[in-house]
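The structure under discussion appears below in the form of structure tokens.
All heavy atoms count here, side chains included; hydrogens, waters and symmetry mates do not.
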Amino acid sequence: MSTTHPTDADPSTADAADVHEVDLAITGMTCASCVARVEKRLGRLDGVSASVNLATERAHVTYPGHVTHDEIVGAVEASGYGATVLDPGTRLAPPEHTHVREDDLRRRLLVAGPLALVVVLLAMGPWTFAANPWLQLVLTAPVVVWCAWPFHRAAVAAARHRTSTMDTLVSLGVTAAFVWSTVALVVGPGHHPREEGHYYFETAAVVTAFLLLGRWLESRAKAQGRSALTALMDLGAKEVAVQRISATTRATTEVVIPVDDLRVGDHFVVRPGEKVATDGVVVDGVSAIDTSVVTGESVPVDVEAGSTVDAGTINTSGRLVVEATAVGAHTTLAAITRLVEQAQTGKADVQRLADRVSAVFVPVVLALAALTFVGWWIGSGSATTAIGVAITVLIIACPCALGLATPTALLVGTSRGAQKGILIKGPQVLEDTRSIDTVVMDKTGTITTGRTRLTGLAAEPGLHPFAALVAAAAVERGSEHPVARAVVARAEEKGLKIPDARDFVALPGSGARAVVGGTEVTVGLPELFDEVPAELATLDRPGTTVFVGWDGRARGALTVADDVRETSAQAVRDLRAAGLEAWLLSGDTEINARAVAAKVGIEPEHVVAGVKPHEKHARIAELQESGRVVAMVGDGVNDAAALVQADLGMAMGAGTDVAMESADIVLVRDDLASVPEAMALSARTLQVIKQNLVWAFGYNTLAIPLAMAGLLNPMIAGAAMAFSSVCVVLSSLRLRRA
């Protein structure tokens with residue numbers, strides 16, 4: 001992601017196609033109308049678009065090269081909020097103001113709560129001594145002035161920019177209650193506080209206390225929702241033991257350095273129980289790595305020299321020496337965390353609707369409160385009654401829940417997905433999953449392990465099968481092809497002595513040839529031989545069969561196959577149980593593809609074989625043209641075009657940039673069981689979002705008419721409004737158990 005730009009560039013010469021991205025930490029937002037205002041202000045900059053998230057307090061901004069960071073930050077500040085550009089190296093850290101604000105809310109709540117309780121007792125009790133209302137005034141003043149200051153400050157900031165937010169409603173309601181009561185006390189009859197001199201001191205105090213309690217609980221709940229992402233950020237090691245060679249003695253020593261000083265190519269030591277500091281390749285040692293924190297896989301993975309390891313995983317047993325292959329923001333862990341946070345910054349279409357509603361909601365509520373005051377004053381003849389009803393309307397209508405409905409669910413859902421090795425790239429993906437009816441899966445590396453092994457060995461009469469294997473292994477030792485590696489591996493497993501070969505020649509797409517012991521030996525497809533004995537040619541085994549021979553005649557047949565993953569059959573059953581149709585799309589032969597399909601429970605008519613990588617997207621398009629809504633599951637490299645063509649692309653494994661870019665969902669764990677899990681999590685998250693929005697819209701739709709009708713009092717309104725926001729956040733936290 002680009003976060004640099006030509007700050008001194010001439011706008012007239014700027015390239016319109018030169019688009020950059022930057023992330024901002026936003027402070028001061030309290031509701032959906034705040035989000036709408038920031039987005040609108042940023043949108044006024046030429047070529048700039050922004051997505052602002054209330055739950056994560058982030059803004060993701062795309063901008064042309066002639067726009068500077070200072071202009072972007074200035075636009076946010078001009079809308080009444082604070083903004084800080086998040087540097088690529090630190091952009092994933094949670095904003096520092098989160099805990100500070102939570103502590104500030106707690107301090108104000110600890111003052112407001114006890115004072116409000118005393119004021120309520122004074123106001124509602126049977127005592128009518130003369131100093132009672134004056135005592136209420138004295139106790140309420142610090143609550144309204146200091147405890148409610150965050151609401152007043154935000155309301156003033158909004159008013160300065162000729163806008164209004166939820167805090168405008170709260171500030172007006174609390175201030176109106178306090179000022180009205182103070183005026184009534186000072187200039188009113190004063191001899192009986194329950195007549196024309198009715199006071200709302202208890203309303204101002206209790207509403208403030210309730211709203212602070214709601215804000216504090218909301219802040220704590222959002223912090224819990226961020227906990228999974230925060231855990232991802234904290235996975236990395238802080239220090240690392242690097243091997244250094246002394247310039248004088250040439251002895252190798254270990255030096256402990258900060259992980260930020262680690263460089264590609266450095267060799268570092270990972271002892272049992274320690275975290276792997278960065279992505280790398282094991283150069284020495286044997287151990288088992290706990291990858292659960294990154295991939296969600298519960299079983300440790302065995303590693304040895306040549307094995308790759310990821311930052312944040314944990315070494316469980318032996319001592320390892322690892323060569324760093326990526327550091328900092330370029331590691332798999334950083335890429336995963338970056339994907340999760342980018343997804344949490346996005347918006348679903350339903351949330352955009354909520355934001356548009358909230359943008360006009362507050363001005364409408366202000367108008368309704370004014371009309372309510374006038375109507376009740378005229379209808380009842382009592383200004384005191386009218387002000388109480390108007391205050392209720394102001395307070396109960398606050399649209400906090402609307403602004404939190406989608407982002408909190410998305411925050412928790414995507415964080416939970418990251419824990420399980422499922423990276424959902426954005427809210428639109430959630431909406432796409434609900435219409436999927438067909439899941440198309442690649443074979444190699446998706447349903448199967450992608451690791452070939454020798455499964456069949458035959459030789460013509462008079463030749464021992466091991467002789468054919470030795471001859472083939474001698475030739476294939478010069479090749480890196482998966483079939484060649486499987487042949488050589490089996491010969492080594494059997495302890496066979498493999499002779500040296502010379503004059504090796506690769507035959508692309510067909511096989512290989514080399515001279516072994518003075519004889520030219522050929523390994524490959526049947527067309528490389530003049531004669532293939534019937535007993536070898538008629539072999540019908542699942543897998544890929546190659547022949548080995550000399551003097552133009554095939555002497556042996558070797559079959560290699562790719563093992564089906566243990567979890568693939570259950571994954572297919574889970575998909576079918578969810579009402580989805582499973583298809584197999586493979587470049588392998590019809591026999592091999594059907595054999596694998598039979599093992600995992602895919603119907604023969606749902607097998608498409610012999611498809612080259614560049615043709616896969618066309619097959620996906622054919623299914624779409626037949627009316628199907630298709631999800632494609634592949635490895636994200638050869639299947640990139642198909643992943644893009646599909647309505648929903650799911651890439652197995654997060655090791656390549658292609659996988660990250662092509663797919664809508666990245667499955668970090670190379671396990672087909674992740675596919676139904678991802679579909680289920682997406683569906684569950686979308687369900688919670690809808691439930692939250694139904695509650696939020698329903699609450700305001702029902703509460704405002706009740707308040708205008710005088711069926712609620714201000715204190716109940718304050719409690720209900722605070723409860724609505726907390727309810728939405730707690731509802732979203734259910735996804736932590738998904």
Qualifying residues under salt bridge (Lys or Arg N to Asp or Glu O under 4.0 Å), relative to [X], sequence neighbours excluded:
X      : answer
Arg628 : Glu581
Arg594 : Glu590
Asp563 : Arg453
Glu274 : none

Going by side-chain contact (heavy atoms from CB on, under 4.5 Å), name the residues that satisfy it together with [X], two or more places apart in sequence or in a different chain.
X      : result
Asp266 : Val242, Arg244, Leu262, Arg263
Val286 : Glu304
Ala409 : Val688, Ile689, Asn692, Ser732, Leu735
Arg485 : Glu480, Pro482

With rounding to the nearest 0.5 Å, note down the distance linking [atom1] in [X] to [atom2] in [Y].
X      : Y      : atom1 : atom2 : answer
Leu648 : Ser435 : CG    : OG    : 8.5 Å
Arg416 : Thr414 : CZ    : OG1   : 12.5 Å
Thr438 : Ile436 : OG1   : CD1   : 8.0 Å
Asp574 : Leu580 : CG    : CG    : 10.5 Å
Ile620 : Glu615 : CD1   : CD    : 13.0 Å
Met679 : Thr433 : CE    : OG1   : 6.0 Å

Listed once per pair and sorted, the salt bridge (Lys or Arg N to Asp or Glu O under 4.0 Å) pairs that draw on [range], sequence neighbours left out:
range            : value
residues 598-609 : Arg576-Glu603
residues 316-330 : Glu254-Arg319
residues 433-446 : Asp442-Lys616, Lys443-Asp588

[X] side chain to [Y] backbone, donor-acceptor under 3.5 Å:
X      : Y      : result
Asp647 : Val630 : yes
Asp302 : Ala288 : no
Ser731 : Cys727 : no
Gln624 : Arg619 : no

query: Can you name the residues that form a side chain to side chain donor-acceptor pair (under 3.5 Å) with Thr448, not counting sequence neighbours?
result: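 In terms of side chain to side chain donor-acceptor pair (under 3.5 Å), with neighbours along the sequence ignored, Thr448 is linked to Asp562.
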- prompt: Can you check side chain to side chain contact (heavy atoms under 4.5 Å, CB included) on Ile314 and Ile289, steps first, answer last?
  reply: CA-CA 6 Å; Ile314 300 173; Ile289 296 292; over 6 Å; no
